[in-house]
Amino acid sequence: MYYLEQLYALLAATGGACWLKFDGTSVGLAVAVLTALGGPLIEVGLVHGPALLNLPALYEYAQPDLPRLGIDGWIAPVYFAGAPAVGGLARWAKSDLLKQ
C-alpha cells in the first residue's frame, strides 16, 4: 500500500500549507493538532460505540484502510486542514457578536 503512504504525506503537507496560509498562529496549530486527533477519535466512537449497546454503527467507511479502527487514515490530515477554516469562522463570529 505504498500509494497510501504517498497520499498521507501529500495530505499532511497540504494540511500544513493550509494552516500556514490561513492561520499561522501557535494557537491555530494547537487547535489543528487537537482537531486532527479528536475528529478521528469521535469517528471511531461513532463506528464502534453503538455496538456496545447492540446497535448498528452510526457511521462507517466502505473499506477502511485502518480496519481495526474502522476509519481511513487519511481523515486526520483532512481534519487538520479544516481547522483553520473553523478557527477563522469562530473569530469572525466572535467579532460579529462583539459589535452588537
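- Looking at every heavy atom in both residues, Ala12 comes nearest to Pro77 through N-CB, 3.9 Å.
- When the side chains of ILVMFWY residues are joined at heavy-atom separations under 4.5 Å, either directly or via intervening members, Leu4 and Val78 end up in a single hydrophobic cluster.
- Here the shortest heavy-atom pairing between His48 and Arg68 reads NE2-O, 3.3 Å.
- Note: the hydrophobic cluster containing Trp19 also contains Leu37 (ILVMFWY, side chain heavy atoms under 4.5 Å, direct or indirect links).
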* To do: Could you walk me through whether Lys94 and Leu98 pass side chain to side chain contact (heavy atoms under 4.5 Å, CB included), step by step?
  => CA-CA 6 Å; Lys94 179 183 175 185; Leu98 291 176; 4.1 Å; yes

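- Arg91 and Asp23 are joined by a salt bridge, as a carboxylate oxygen and a charged side-chain nitrogen come within less than 4.0 angstrom of each other.
- Linking Ile, Leu, Val, Met, Phe, Trp and Tyr residues whenever their side-chain heavy atoms come within less than 4.5 Å places Tyr3 and Leu11 in a single cluster.
- Minimum interatomic distance between Pro50 and Pro56 (heavy atoms only, all atoms of both residues): CB-O, 3.2 Å.
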* To do: Kindly indicate, with the supporting measurements, whether the criterion side chain to side chain contact (heavy atoms under 4.5 Å, CB included) is fulfilled by Ile75 and Tyr61.
  => CA-CA 11 Å; Ile75 199 66; Tyr61 287 88; 3.5 Å; yes

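- The minimum heavy-atom distance between Tyr59 and Val47, with the atom names listed, is O-CG2, 3.1 Å.
- Considering only heavy atoms from C-beta on, Asp72 comes within 4.5 Å of Pro64 through its side chain.
- Side-chain atoms of Val31 and Phe80, non-hydrogen and from C-beta on, never get closer than 4.5 Å to each other.
- Of all the heavy atoms in Ala36 and Tyr79, the pair that sits closest is CA-CB, 3.9 Å.
- Leu66 and Leu41 sit in two unconnected hydrophobic clusters of ILVMFWY residues. Membership requires side-chain heavy atoms under 4.5 Å apart, directly or through other members.
- Heavy atoms only, all atoms of each residue included: Pro84 and Ala81 are closest at CD-O, 3.2 Å.
- Listed for the Trp92 side chain is no donor-acceptor partner under 3.5 Å among the backbone atoms of Gly87.
- Taken together through direct or relayed side-chain contacts under 4.5 Å among Ile, Leu, Val, Met, Phe, Trp and Tyr, Trp74 and Leu46 form part of one hydrophobic cluster.
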